[in-house]
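Below is one structure, written out as structure tokens; comments come after it.
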Amino acid sequence: MFDAILFPVIFTLLFVYVFGGSIGQSLGGGQHAYVQYVVPGLLAMMGMNMAQGVGTGFNTDFHTGVMDRFRSLPIGRGSVLIAKIVVEMMRMLVACAVLMVVGVLVGFDIHRWGGMFAAIGLSAVFGSALMWMFITLGVTMKSAQSVQAMGFLVLMPLQFGSSIFAPTRSMPGWLQNFTDYNPLSALADAARG
């Protein structure tokens, strides 16, 4: 639970105060304009980062014998999977709430509350879809480190090759083509809308 609180605080403060002035100038409004740009992008990224932890945790559960103990109990087979998803979704919602609080403290303006809740809902749906993919990786990979490595190889280009942190108009043409098809760009742009 500690990472659900720490992640949004560190990323928000890091991007707003380190990159906010320079990228905000390109947006035409300085640091305040960048806060309005990056907080919805971080909201989109929240589900993705929480999903990776599910796969590594699930892999660890399989290799330490926790799943064998669950199989000996009179519970439904799918209940462990569903419980894992529900717990991670709660962690993600806590992280989104912390992100919104930190965002407001650094100057984020919420104009439409309904739109904000819709953006959180979109991020939750996207995060839950990714959680199922990472659970599959957690079951099939040999170690938790391999799940993390696979997640890193896939998620890092998706994160930084998107419109989460910076507008795409200044990127080279080939990268703009990549960001046009990047699901994180679509989610971040929808959250901004």
**Prompt:** Counting only heavy atoms not in F152, do more than 12 sit closer than 6.0 Å to its CZ atom?
**Reply:** no

I'd like to know if the side chain of [X] reaches the main chain of [Y], judged simply by a donor and an acceptor atom lying under 3.5 Å from each other, with no hydrogens or angles considered.
{"X": "S185", "Y": "S163", "result": "yes"}
{"X": "Q148", "Y": "T56", "result": "no"}
{"X": "S72", "Y": "R69", "result": "yes"}
{"X": "S123", "Y": "L43", "result": "yes"}
{"X": "D109", "Y": "H111", "result": "no"}
{"X": "E88", "Y": "G127", "result": "no"}
{"X": "S79", "Y": "I75", "result": "no"}

Quick one: are [X] and [Y] in side-chain contact, heavy atoms under 4.5 Å?
{"X": "V106", "Y": "Q31", "result": "no"}
{"X": "F58", "Y": "L81", "result": "yes"}
{"X": "F11", "Y": "V16", "result": "no"}

Closest approach of [X] to [Y] (non-hydrogen atoms, all atoms of both residues):
{"X": "G107", "Y": "Q36", "result": "O-NE2, 2.8 Å"}
{"X": "G161", "Y": "T179", "result": "O-CG2, 3.0 Å"}
{"X": "M171", "Y": "S162", "result": "CE-O, 3.5 Å"}
{"X": "M150", "Y": "L137", "result": "CG-CD1, 3.9 Å"}
{"X": "M100", "Y": "F108", "result": "SD-CE2, 4.2 Å"}
{"X": "Q176", "Y": "R169", "result": "NE2-O, 3.1 Å"}

Supply the atom-to-atom distance [X] [atom1] to [Y] [atom2], rounded to the nearest 0.5 angstrom.
{"X": "L155", "Y": "M48", "atom1": "CG", "atom2": "CE", "value": "5.0 Å"}
{"X": "T168", "Y": "D189", "atom1": "OG1", "atom2": "CG", "value": "7.5 Å"}
{"X": "L99", "Y": "M45", "atom1": "CG", "atom2": "CE", "value": "9.0 Å"}
{"X": "M92", "Y": "I85", "atom1": "CE", "atom2": "CD1", "value": "11.0 Å"}
{"X": "N182", "Y": "I164", "atom1": "CG", "atom2": "CD1", "value": "7.5 Å"}
{"X": "T140", "Y": "I135", "atom1": "OG1", "atom2": "CD1", "value": "11.5 Å"}

Find out if a path of hydrophobic residues (ILVMFWY) with successive side-chain heavy-atom gaps under 4.5 Å connects [X] to [Y].
{"X": "L13", "Y": "V35", "value": "yes"}
{"X": "V125", "Y": "L130", "value": "no"}
{"X": "L42", "Y": "L105", "value": "no"}
{"X": "L184", "Y": "M156", "value": "yes"}
{"X": "V101", "Y": "F7", "value": "no"}

**Message:** Under a 3.5 Å cutoff, is there a donor and acceptor pairing between the side chains of S143 and N59?
**Reply:** no

**Request:** Before giving the answer on side-chain contact (heavy atoms from CB on, under 4.5 Å), spell out for L158 and F178 the whole-Å C-alpha distance, their side-chain angles and the decisive distance to 0.1 Å.
**Result:** CA-CA 9 Å; L158 285 177; F178 177 76; 4.2 Å; yes

**Message:** Please verify the inter-ring angle class for F117 with W113; under 30° counts as parallel, over 60° as perpendicular, anything in between as tilted.
**Reply:** tilted

**Asked** Do F165 and F15 have ring centres separated by under 6.0 Å?
**Response** yes

**Asked** Do M131 and K84 pass the side-chain contact (heavy atoms from CB on, under 4.5 Å) test, and can you show the C-alpha distance, the side-chain angles, and the key distance before you say yes or no?
**Response** CA-CA 9 Å; M131 283 179 200; K84 195 82 158 160; over 6 Å; no

